[in-house]
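Since the structure comes first, as structure tokens, the remarks are kept for the end.
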Amino acid sequence: QVKVVESGGGLVQAGGSLKLTCAASGLTLSSYLVGWFRQAPGKDREFVAAISGSGSSTRYADSVKGRFTISRDNAKSTASLQMNSLKPEDTAVYYCAGRFGNVYYTDPARYDYWGQGTQVTVSS
């Protein structure tokens, strides 16, 4: 059974940093594209970043480019999202998702497995 669990969310002041971690089990993570998404109250779930199975390629939403860094450790079956220079508009529930293969998609409907999400709140 596949299980995806996010951790590392919390409350931080604007300009601060947080690191989210995603731990996956029940699958061979290196075979999966890993994406991070977020959903603010009243808004649709939106793409944040993604990383290829090998970790050699990454994609970012324009809104987080230069501030967020996605990485992965396939040996530990984990992926991370380092978030720096956080802004109040980054406040959302953040989700980790996996999609088999290496084709990039920003549409959350294209992803196969999801975690339960972790809350990130940035105060001004």
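Owing to the predicted nature of the structure, the values given are computational and were not obtained by experimental measurement.
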Distance (rounded to the nearest 0.5 Å) between Leu27 CG and Tyr113 OH
6.5 Å
Results of side chain to side chain contact (heavy atoms under 4.5 Å, CB included) for Tyr105 - residues two or more places apart only
Arg99, Val103, Arg110, Tyr111
Sorted by chain and number, sequence neighbours left out, side chain to side chain donor-acceptor pair (under 3.5 Å) with Ser57 holds for Tyr104
Quick one: list whatever passes side chain to side chain contact (heavy atoms under 4.5 Å, CB included) with Ala23, sequence neighbours left out.
Thr78
Which pair of heavy atoms, one from Leu81 and one from Ala49, lies closest together, and at what distance?
CD1-CB, 4.2 Å
Under 4.5 Å between side-chain heavy atoms, hopping through other hydrophobics if needed: is there a path connecting Val93 to Ile70?
no
Quick note, disulfide (SG to SG under 2.5 Å) partners involving residues 46-95, not counting sequence neighbours, are none
Contact between Arg45 and Trp114 at the side-chain level, heavy atoms closer than 4.5 Å - yes or no?
yes
Check whether Val122 and Trp36 end up in the same hydrophobic cluster, where Ile, Leu, Val, Met, Phe, Trp and Tyr are linked by side-chain heavy atoms less than 4.5 Å apart.
yes
Using side chain to side chain contact (heavy atoms under 4.5 Å, CB included) as the criterion, list what pairs up with Arg72, not counting sequence neighbours.
Leu29, Val34, Ile51, Asn74, Ala79
Among residues at least two apart in sequence or on other chains, which ones pass side chain to side chain donor-acceptor pair (under 3.5 Å) with Asp62?
Lys65
Distance-minimising heavy-atom pair for Gln39 and Lys43
NE2-O, 3.1 Å
Please set out all donor-acceptor pairs under 3.5 angstrom arising from side-chain atoms of residues 1-16, sequence neighbours excluded.
residue : atom : partner : partner atom : Å
Glu6    : OE1  : Gln116  : N            : 3.0
Glu6    : OE1  : Gly117  : N            : 2.9
Glu6    : OE2  : Cys96   : N            : 2.8
Glu6    : OE2  : Gly117  : N            : 3.4

Results of ring-ring contact (aromatic ring centres under 6.0 Å, His included) for Phe47 - residues two or more places apart only
Phe37
What pairs meet the side chain to side chain donor-acceptor pair (under 3.5 Å) rule with one or both residues in residues 23-35, with sequence neighbours excluded?
none
So, taking the atom named OG1 in Thr58 and the one named CZ in Phe68, what distance separates them when rounded to the nearest 0.5 Å?
14.0 Å
Qualifying residues under side chain to side chain contact (heavy atoms under 4.5 Å, CB included), relative to Ser17, sequence neighbours excluded
Gln82, Asn84
Among residues two or more places apart or on two chains, list those pairs meeting salt bridge (Lys or Arg N to Asp or Glu O under 4.0 Å) that have a residue in residues 78-97.
Arg38-Asp90, Arg67-Asp90
Only counting residues at least two apart or in another chain, list the ones meeting side chain to side chain donor-acceptor pair (under 3.5 Å) with Thr121.
Gln119
Between Val48 and Val64, the two heavy atoms sitting closest are O-CG2, 3.5 Å
Counting only heavy atoms not in Asp107, do more than 12 sit closer than 6.0 Å to its CG atom?
yes
